[in-house]
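Atoms within each ligand, like the ligands themselves, are counted from 1 in listed order. The model shown is predicted, which means the values in this text are computed figures rather than measured ones.
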Amino acid sequence: MLHKYTKTPFYAIAAFLFAIKTYMVYRFIFELSIENPLQEIILLINPIATAFIFFTAVVWFKPEKQLKYTRRIALIGSLILYFNVIYFRSFSDFLTIPVLFQSSNAGDLGSSILQLVHTADLLLFIDVAIIYYLSKKVSLDVQPSLKKMKLRATVIAVALLVGNVVLAEMERPMLFVRTFDREYLVKNIGVFNYHIYDVALHSKSKAQRVLADGSEVKEVEEYTNKNIKSDQHSKLQGIAKDKNIIYISAESLQSFVINNKLNGKEVTPFLNDLIDDSYYFENFYHQTEQGKTSDSEFVIENSLYPLSRGAVFFTHSQNELNAVPEIISDHGYTSAVFHANNKSFWNRSVMYDTLGYDEFYSETAYNVNDENTIGWGLSDKAFFDQSIKYLKSMEEPYYAKFITLTNHFPFELPEDKQNIDKFDSNSKTLNNYFTTARYTDEAIKQFFQKLKESGEYKDSIIIIYGDHYGISEYHNKAMSQYLGKEEITPFDHIQLQRVPFIVHIPGHENDRTISKVSGQMDMKPTVLSMMGIETENGVDFGTDLFTDDVDPFVVLRDGSFITQDYLYTRDTCYNRKSGKEVPMEKCKPLVAKAQQELDYSDSIIYGDLLRFYNAEYNEVETEVKSN
Ligand code: GP9
Ligand code: MN
């Protein structure tokens, strides 16, 4: 009998065991960084406070029920923690409610998921096993049964929690306002309370649509007109008029491999050559969040920020938007997306309708078999090969978006297809990455050849961009080894969010590499202006990149931002060119502006505000026409 040795009620023993486990996960799996002693204390207290608040709830039941519920709480809590562990290994991030509702994606993850589950993970359930075992050995007499005891237990648990929250607010003022910073939240209030907070946020965002009215749109429009929209005519205005636009979304392709080598070999030889014959934006950042590829699609078609939690493709697929495919259909363009994956992944089949795409060539349009499958699905080479016939069948001018897949985590490629070495470091992910990045480079090369052979090339403008990072912070050590740096600082981390953006115009001669700071947000106005289409709608956040009258200001979804002179992230201001820390005063005025911009964009999505704007705009348009 356990209670021969101690009079501690069982729920408290269980809470203690569970808290130790949680703490271990924070320290050794999430590797939550500790910057000062107060953070250390908070990180120690929050698992205890959280475990006690949940486990103490059982005291309000009869003693035998208390044991049963204690076991259940331990099991459910452990599963929730474990799901976070798996998600974290892939995304260096924590689950949110919208991400959970995207579980239809999980079935398609296949080998990726297996890579994320380790045998040693069984250790994460040791406390559950002990709790099950001990629960059979405890005496019911020492479980709280009198009201007084129950109240005392509850008061202690609540006091612990309040103490935790007060300390957290002291350490991190405005903690609950900065919702995008999930790591801070987890560090300060723990992963379970973070989930509760996330549920509250979710309900709030749902309510926002109901309560929205059209008045806010005008304010957003004033902001974008004043701060973002260019008054100049672009140097390339109309250059793509009546030409086809071929977009290539290069999966997980980051700029650090461009013009870079591994063991003396170029990683992306084709793209490196192409860049000499194209406009290449070397300081171009992805602006995605949890929605990954789908977020990049959302950003480039709408010039709106993705959400800080979940993927807009899932959470707001019924919103009224003003996306590129819809706009250009009024100008005689046909549009299609090519992506050889399950059409429901990222809810694409629904969202592409909302965006105004005419056609979606998904997995079912392709012949996918064992020979031509790599990792997540159809290999990029086979994908482009099989796409050409569909492309040729499209009515011109067309707008076609190709989404590659082979360079996707875990970046596995059969040996006979590897034309560059693997890297040698402690990160299998980074080691593999070079081989699949090279594979995509070769696939794009072949695609160009096919475009030329089929006659599509000369009438088209080809735009290549990286959708988001491929190598998360989790692999910083290996990354620093590759880049020959002592460590990856927060500054370096933001610089690693650069992805290639290449605009290739056949027959054009003024090509050059452009250093100005830019981001995915800018693609919509840039491409529309190249097509010679005037955008009447001012409610978006991008600048035409071939104009020069607006100071570049790239805001990332986590509130970090980059200007020509400065880079701001994690409460620190850096000189963008030297990477040296500079006084915060330099960045301060822009911190609020970045937040404002994100908030404006969120209000458009949460409130579905474009339904008011588009309605009003159409009214004006009809009036003009009828006059
Ligand atoms: C899947 C592809 C990759 O269809 O878009 O998705 P990701 O995981 O990069 O968002
Ligand atoms: Mn992707």
Side-chain angles (χ1 to χ4, degrees), residues 86-93 95-96 98-99 101-116 247-255 257 285-301 306-307 309-315 317 337-352 355 357 360-366 368 373-380 382-383 387 401-412 429 432-433 436-437 439-440 443-444 464-472 474 497-501 520 557:
I86 294 195
Y87 187 72
F88 189 86
R89 283 188 182 137
S90 184
F91 300 111
S92 293
D93 194 1
L95 285 167
T96 62
V99 163
F101 285 120
Q102 286 157 212
S103 56
S104 57
N105 271 4
D108 297 304
L109 298 177
S111 71
S112 305
I113 283 233
L114 288 180
Q115 286 250 345
L116 302 170
Y247 258 134
I248 301 175
S249 163
E251 176 57 46
S252 301
L253 193 65
Q254 290 177 238
S255 298
V257 290
Y285 296 79
H286 83 80
Q287 291 169 296
T288 66
E289 249 300 323
Q290 288 188 319
K292 308 305 290 292
T293 309
S294 75
D295 273 358
S296 74
E297 294 185 68
F298 180 74
V299 176
I300 72 157
E301 311 284 22
L307 295 177
R309 323 152 39 252
V312 192
F313 265 43
F314 270 100
T315 56
S317 60
V337 185
F338 298 78
H339 183 48
N341 197 3
N342 186 336
K343 67 169 182 282
S344 64
F345 202 84
W346 285 131
N347 199 27
R348 284 188 170 104
S349 50
V350 174
M351 191 60 173
Y352 286 159
L355 295 175
Y357 272 106
F360 175 21
Y361 296 97
S362 71
E363 192 176 10
T364 46
Y366 294 86
V368 186
T373 294
I374 299 176
W376 270 48
L378 189 63
S379 76
D380 289 348
F383 164 60
S387 298
K401 182 166 74 178
F402 291 83
I403 304 175
T404 70
L405 198 53
T406 306
N407 188 38
H408 193 287
F409 178 84
F411 312 109
E412 279 171 348
T429 303
N432 286 346
Y433 181 77
T436 46
Y439 184 88
T440 297
I444 296 176
I464 303 173
Y465 69 98
D467 61 351
H468 50 75
Y469 71 83
I471 306 297
S472 70
Y474 201 61
Q497 305 315 305
R498 283 178 296 182
V499 295
F501 179 47
Q520 288 169 334
R557 184 60 248 200

Which ligand 1 atoms, with their elements, are less than 4.0 angstrom from a heavy-atom of Glu251? 3 (C), 9 (O)
Please confirm whether Phe409 comes under 4.0 Å of ligand 1, counting heavy atoms of the residue only. no
Pull out every atom of ligand 1 sitting under 4.0 Å from any heavy atom of His339, numbered as shown with elements. 1 (C), 2 (C), 4 (O), 5 (O)
Mind checking the OG-CZ spacing from Ser252 to Phe409? Nearest 0.5 Å is all I need. 10.0 Å
Taking 4.0 Å as the limit for heavy-atom contacts, which would you say applies to Thr293 with ligand 1: side chain only, backbone only, both, or neither? both
Tyr366: what forms a ring-ring contact (aromatic ring centres under 6.0 Å, His included) with it, not counting sequence neighbours? Phe383
Applying salt bridge (charged side-chain N to carboxylate O under 4.0 Å, His left out), name anything that partners Glu301, two or more places apart in sequence or on another chain. Lys401
Any chance you could measure Gln290, atom CD, to Thr96, atom OG1, to the nearest 0.5 Å? 4.0 Å
Return the orientation label for the Tyr357 and Tyr352 ring planes: parallel under 30°, perpendicular over 60°, tilted otherwise. perpendicular
Contact region, Asn342 to ligand 1, non-hydrogen atoms below 4.0 Å, reads neither
What protein N/O/S atoms are found closer than 2.8 Å to the Mn ion (ligand 2)? Glu251 OE1, Glu251 OE2, Thr293 OG1, Asp467 OD2, His468 NE2
Mind checking what makes salt bridge (charged side-chain N to carboxylate O under 4.0 Å, His left out) contact with Arg348, not counting sequence neighbours? Glu297
Among Lys292, Gln254, Gln497, Gln520, which residue meets the side chain to side chain donor-acceptor pair (under 3.5 Å) test with His286? Gln497
Taking C-beta and beyond as the side chain, do Trp346 and Asn341 meet within less than 4.5 Å on heavy atoms? no
Which atoms of ligand 1 are found less than 4.0 Å from any heavy atom of His468? 9 (O)
Criterion ring pair (Phe, Tyr, Trp, His ring centres under 6.0 Å) against Phe345, the qualifying member of Phe360, Phe313, Trp376: Trp376
Spell out, as yes or no, whether a donor-acceptor pair under 3.5 Å connects the side chain of Asp380 to the backbone of Leu405. yes
Considering only heavy atoms, which of Lys292, Glu297, Arg348, Glu363 lies nearest to atom 5 (O) of ligand 1? Arg348
So the atoms of ligand 1 within less than 4.0 Å of a heavy atom of Asn341 turn out to be 1 (C), 4 (O)
